**Q** 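Before I ask anything, here is the structure I am working with.
These numbers come from a predicted model, not from an experiment. Side-chain atoms are counted along with the backbone in the values below, which use heavy atoms only and exclude waters and symmetry mates.
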Amino acid sequence: QQKEQVKLKVGDKAPKLTVDKWLKGQAVNNFEAGKVYVVEFWATWCPPCVASIPHLTELQKKHKDAVVIGLAGSERGDGNNIEQKLSKFVKDQGAKMEYRVAFEGKRKMATDWLQAAGQDGIPCAFIVDHEGKIAYIGHPMGMDDAFDAAMKAVTKKSDKPEKSDK
């Protein structure tokens, strides 16, 4: 079986966010320059995904200026039932899940992100750096160093004095 060609790699511009509904936290419509984002694909039926929830919360607390998004794009079931199930799950997680959570049911993000990056499993996290480029693709439990580096790059950028046109 031939593996699909990888179209999305570290260093590439991040694809768009196409979210049906924000279940927790403020909506994010696009990636702002100067901000670091984590987009983590997960599902309620996936034990490793559920196991990484406290870790993502820790990272969000450590890097308050970053935006962590848990994207449920692989839920099983139909329409409203899925949204209700997800909303209940997120609510039941309470303080264990202290980051933004979004739902996308058309699998467009799964296609544009996971499939394009040659990722066929979840959980899978993408770090989008301050320039809107992918800085990491992989398991959320393995992204700490890449996340720290992405956050340091923002600090370095903002430490530089502004050039004047005079």
**Q** I need the single residue from Lys62, Lys61, Lys24, Lys64 that forms a salt bridge (Lys or Arg N to Asp or Glu O under 4.0 Å) with Glu98. Which is it?
**A**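 So the option named by the test is Lys24.
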**Q** Using the side-chain contact (heavy atoms from CB on, under 4.5 Å) criterion, which residues pair with Lys16? Sequence neighbours excluded.
**A** none
**Q** Mind checking the CE-CD1 spacing from Met143 to Ile127? Nearest 0.5 Å is all I need.
**A**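 Between atom CE of Met143 and atom CD1 of Ile127 there are 5.5 Å.
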**Q** Would you say the side chain of Ser74 lies within less than 4.5 Å of the side chain of Trp45, judging by non-hydrogen atoms?
**A**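 Contact flag for Trp45/Ser74 side chains = yes.
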**Q** Looking at side-chain heavy atoms only, is the closest gap between Cys124 and Glu40 below 4.5 Å?
**A** no
**Q** If you take the centroid of each ring, where Trp contributes its six-membered ring, are Phe126 and Tyr37 closer together than 6.0 Å?
**A**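 Centroid separation for Tyr37 and Phe126: 6.0 Å or greater.
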**Q** Kindly determine whether Lys152 and Asp148 satisfy salt bridge (Lys or Arg N to Asp or Glu O under 4.0 Å), including the steps that lead there.
**A** CA-CA 6 Å; Lys152 278 190 188 105; Asp148 289 345; 5.3 Å; no
**Q** Go through the steps to decide whether Asp20 and Lys106 satisfy the test salt bridge (Lys or Arg N to Asp or Glu O under 4.0 Å), and finish with yes or no.
**A** CA-CA 8 Å; Asp20 293 337; Lys106 296 178 212 68; 2.5 Å; yes
**Q** How long is the gap from NZ on Lys133 to NZ on Lys13, to the nearest 0.5 Å?
**A** 10.0 Å
**Q** Measuring only between side-chain heavy atoms, which start at C-beta, is Val38 closer than 4.5 Å to Phe147?
**A** yes
**Q** Decide yes or no for Leu59 and His55: does some side-chain heavy atom of the first lie under 4.5 Å from some side-chain heavy atom of the second?
**A**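 In short, these two side chains touch, coming nearer than 4.5 Å.
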**Q** Going from CG on Leu17 to CD on Glu104, what distance comes out if it is rounded to the nearest 0.5 angstrom?
**A**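 Going from the CG atom of Leu17 to the CD atom of Glu104 covers 10.0 Å.
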**Q** Taking the ring of Phe89 and the ring of Trp42, is the distance between their centroids below 6.0 Å?
**A** yes
**Q** State, with a plain yes or no, whether a side-chain heavy atom of Val67 is found less than 4.5 Å away from one of Arg100.
**A** yes
**Q** Go through the side-chain N and O atoms of Thr44 and Arg76 and say whether any donor and acceptor fall under 3.5 Å apart.
**A**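 Absent: no donor and acceptor within the cut-off.
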**Q** Is it the case that one hydrophobic cluster holds both Tyr99 and Ile69, taking links as side-chain heavy atoms less than 4.5 Å apart, direct or via other members?
**A**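 In one cluster: no.
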**Q** Do Ile137 and Trp113 make a side-chain contact, defined as non-hydrogen atoms from C-beta onward lying under 4.5 Å apart?
**A**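 Of all side-chain heavy-atom pairs linking Trp113 with Ile137, none is under 4.5 Å.
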**Q** Drop me the distance from Leu86's CG to Lys91's NZ, to the nearest 0.5 angstrom.
**A**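 It is 14.5 Å, given to the nearest 0.5 Å.
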**Q** Run the salt bridge (charged side-chain N to carboxylate O under 4.0 Å, His left out) test against Lys88 and tell me which residues pass, sequence neighbours left out.
**A**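 Applying salt bridge (charged side-chain N to carboxylate O under 4.0 Å, His left out) to Lys88 gives Asp92.
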